[in-house]
Amino acid sequence: MTPQEMEQEQIRLAPQVIVPDAGQGYFAQEDDVVFALDIHYAENTAHVGLHAQTFHGNTLGRFVARFETEVEYLPGFFAFREAPPLLQMIEQVWATGLTPQLLLVDGHGVAHPRRFGVACLVGLKTGLPTIGCAKETLLRYQGDLPDARGSTLPVLLDGDGVGTVLRTQTGIRPVFVSVGHLISLQESERVILELSGKYRVCDPLRHADQLARAHARHEKIPDATVFS
DNA sequence: GCGACAG
DNA sequence: ATCTTGTCGC
């Protein structure tokens, strides 16, 4: 797939993404199941980690798997490299009998030049509420973010608030939250902040990152289900 | 025209 | 993402 073809696909799919207004869409309940996913790469192998927990913090399962990729990383087209292995991983865990109400993806949702980051593609393909949470931004934003945990600034695109700069820990660099699908930006912020314990990255995504990294390094992972 | 650019 | 040493802090 050429960059031009990928761009056309983004333009075709972006209008299908549902971004509820404040007070609308999905709201996380204490016992809802959350899947957080991340990938580490080694050559053409994508090592995926999936951490499953209830919203209030009970771990339900830890999973790792490897998938082959040919797709190169291109800024702005991350979804086409990352989403296929993520979707396969979700299917495998789903087949286990564990089903999520919410997905957390490492990367952007609509805070993207064409409003179609990896969290949008994963959300559309699964039909599940999905939040994108990234450690760097693709879009410029203005203003000074206050130092305190919970502080926010809007990320704008063409005058629309497409994402939020969120300080999850006092004095620590912020993260960038945006809607992937079916959940409002306000609820996305609330969820990410509530799931953030003592680190910059929220606990579920941090656990998924550790799972993926350990699997990429061929380490033994206690209590993890290994698909491949 | 040039640089910047999620993971 | 990955390539990499020491170092500061809980």
Side-chain angles (χ1 to χ4, degrees), chain A residues 1 3-4 6-7 9-10 13-14 17 36-51 64-90 103-124 130-142 149 153-157 162-166 168-181 185 188 192 196-219:
Chain A
M1 216 177 179
Q4 292 76 13
M6 291 192 283
E7 184 169 341
E9 189 71 345
Q10 291 176 328
L13 293 174
V17 173
L37 301 111
D38 193 26
I39 298 184
H40 274 63
Y41 294 92
E43 305 281 315
N44 278 182
T45 304
H47 296 269
V48 185
L50 190 158
H51 172 83
V64 290
R66 79 185 83 231
F67 302 96
E68 293 310 308
T69 314
E70 298 299 314
V71 187
E72 294 294 310
Y73 166 69
L74 267 181
F77 302 100
F78 184 48
F80 298 92
R81 171 173 166 88
E82 193 103 337
L86 293 181
L87 291 166
Q88 295 184 64
M89 183 57 148
I90 293 166
L103 301 178
L104 262 43
V105 173
D106 191 336
H108 294 293
V110 297
H112 176 280
R114 289 167 295 283
R115 306 187 188 217
F116 200 75
V118 59
C120 297
L121 185 51
V122 171
L124 274 185
T130 305
I131 298 171
C133 188
K135 294 178 287 297
E136 303 290 347
T137 183
L138 277 169
L139 305 172
R140 293 287 117 212
Y141 63 92
Q142 287 198 324
R149 166 185 165 95
L153 279 181
V155 175
L156 306 174
L157 180 64
V162 293
T164 300
V165 185
L166 172 66
T168 54
Q169 302 299 333
T170 300
I172 302 298
R173 287 189 301 147
V175 295
F176 303 86
V177 180
S178 61
V179 175
H181 196 41
L185 179 56
S188 299
I192 294 299
S196 297
K198 56 175 298 193
Y199 303 99
R200 177 165 89 118
V201 175
C202 68
D203 297 341
L205 280 175
R206 201 165 159 278
H207 290 133
D209 174 75
Q210 294 175 332
L211 286 169
R213 180 168 46 74
H215 193 244
R217 296 180 182 180
H218 307 118
E219 293 170 7

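Below, chains carry the letters A, B, ... as their sequence lines are ordered, and counting in each starts from 1. Values in this document were obtained by computation on a predicted structure and should not be read as measured data. All values below were derived from every heavy atom in this structure, side-chain atoms included, with hydrogens, water molecules and symmetry-related copies excluded.
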Undergrad: Under a 4.5 Å cut-off applied to non-hydrogen side-chain atoms, are Leu86(A) and Val118(A) in contact?
TA: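 Yes - at least one pair of side-chain heavy atoms lies under 4.5 Å apart.
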Undergrad: Does some side-chain heavy atom of Phe77(A) sit less than 4.5 Å from a side-chain heavy atom of Gln10(A)?
TA: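 Of all side-chain heavy-atom pairs linking Phe77(A) with Gln10(A), at least one is under 4.5 Å.
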Undergrad: So if I define the base as every atom that isn't primed, P, OP1 or OP2, how would nucleotides 1-7 of chain B read as a B/S/- string at a heavy-atom cutoff under 4.0 Å?
TA: ----SBB
Undergrad: Could you write out DNA chain B as dot-bracket? Rules: Watson-Crick or G-U wobble, both distances under 3.5 Å, brackets [ ] for crossings, | for pairs with another strand, dot for unpaired.
TA: .......
Undergrad: Nearest whole angstrom, please: distance from the P of dA1(C) to the CZ of Phe80(A).
TA: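 Whole-Å distance recorded here is 21 Å.
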Undergrad: To the nearest angstrom, how far is Arg217(A) atom CZ from dC3(C) atom C1'?
TA: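 From Arg217(A) CZ to dC3(C) C1': 11 Å.
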Undergrad: So, Glu9(A) and Arg114(A), do they make that salt bridge, N to O below 4.0 Å?
TA: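 Salt bridge: no.
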Undergrad: Within the 4.5 Å heavy-atom criterion, are Asp106(A) and Lys135(A) side-chain neighbours or not?
TA: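 SC-SC contact between Asp106(A) and Lys135(A) confirmed.
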Undergrad: Counting C-beta onward and ignoring hydrogens, is there a side-chain heavy-atom pair between Ser178(A) and Val162(A) closer than 4.5 Å?
TA: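 In short, these two side chains do not touch, never coming nearer than 4.5 Å.
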Undergrad: Looking at side-chain heavy atoms only, is the closest gap between Val122(A) and Leu37(A) below 4.5 Å?
TA: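 No, their side chains stay 4.5 Å or more apart.
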Undergrad: Quick one: does Met89(A)'s side chain get under 4.5 Å of Phe67(A)'s, heavy atoms only?
TA: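 Answer yes - side chains close enough.
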Undergrad: Do Tyr73(A) and Tyr41(A) come within less than 4.5 Å of each other through their side chains, counting heavy atoms only?
TA: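 Of all side-chain heavy-atom pairs linking Tyr41(A) with Tyr73(A), none is under 4.5 Å.
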Undergrad: I want to confirm an ordering. Mapping Lys198(A) and Ala216(A) to their closest nucleotides on DNA chain C, which one lands closer to the 5' end?
TA: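 Its nearest nucleotide being more 5', the pick is Ala216(A).
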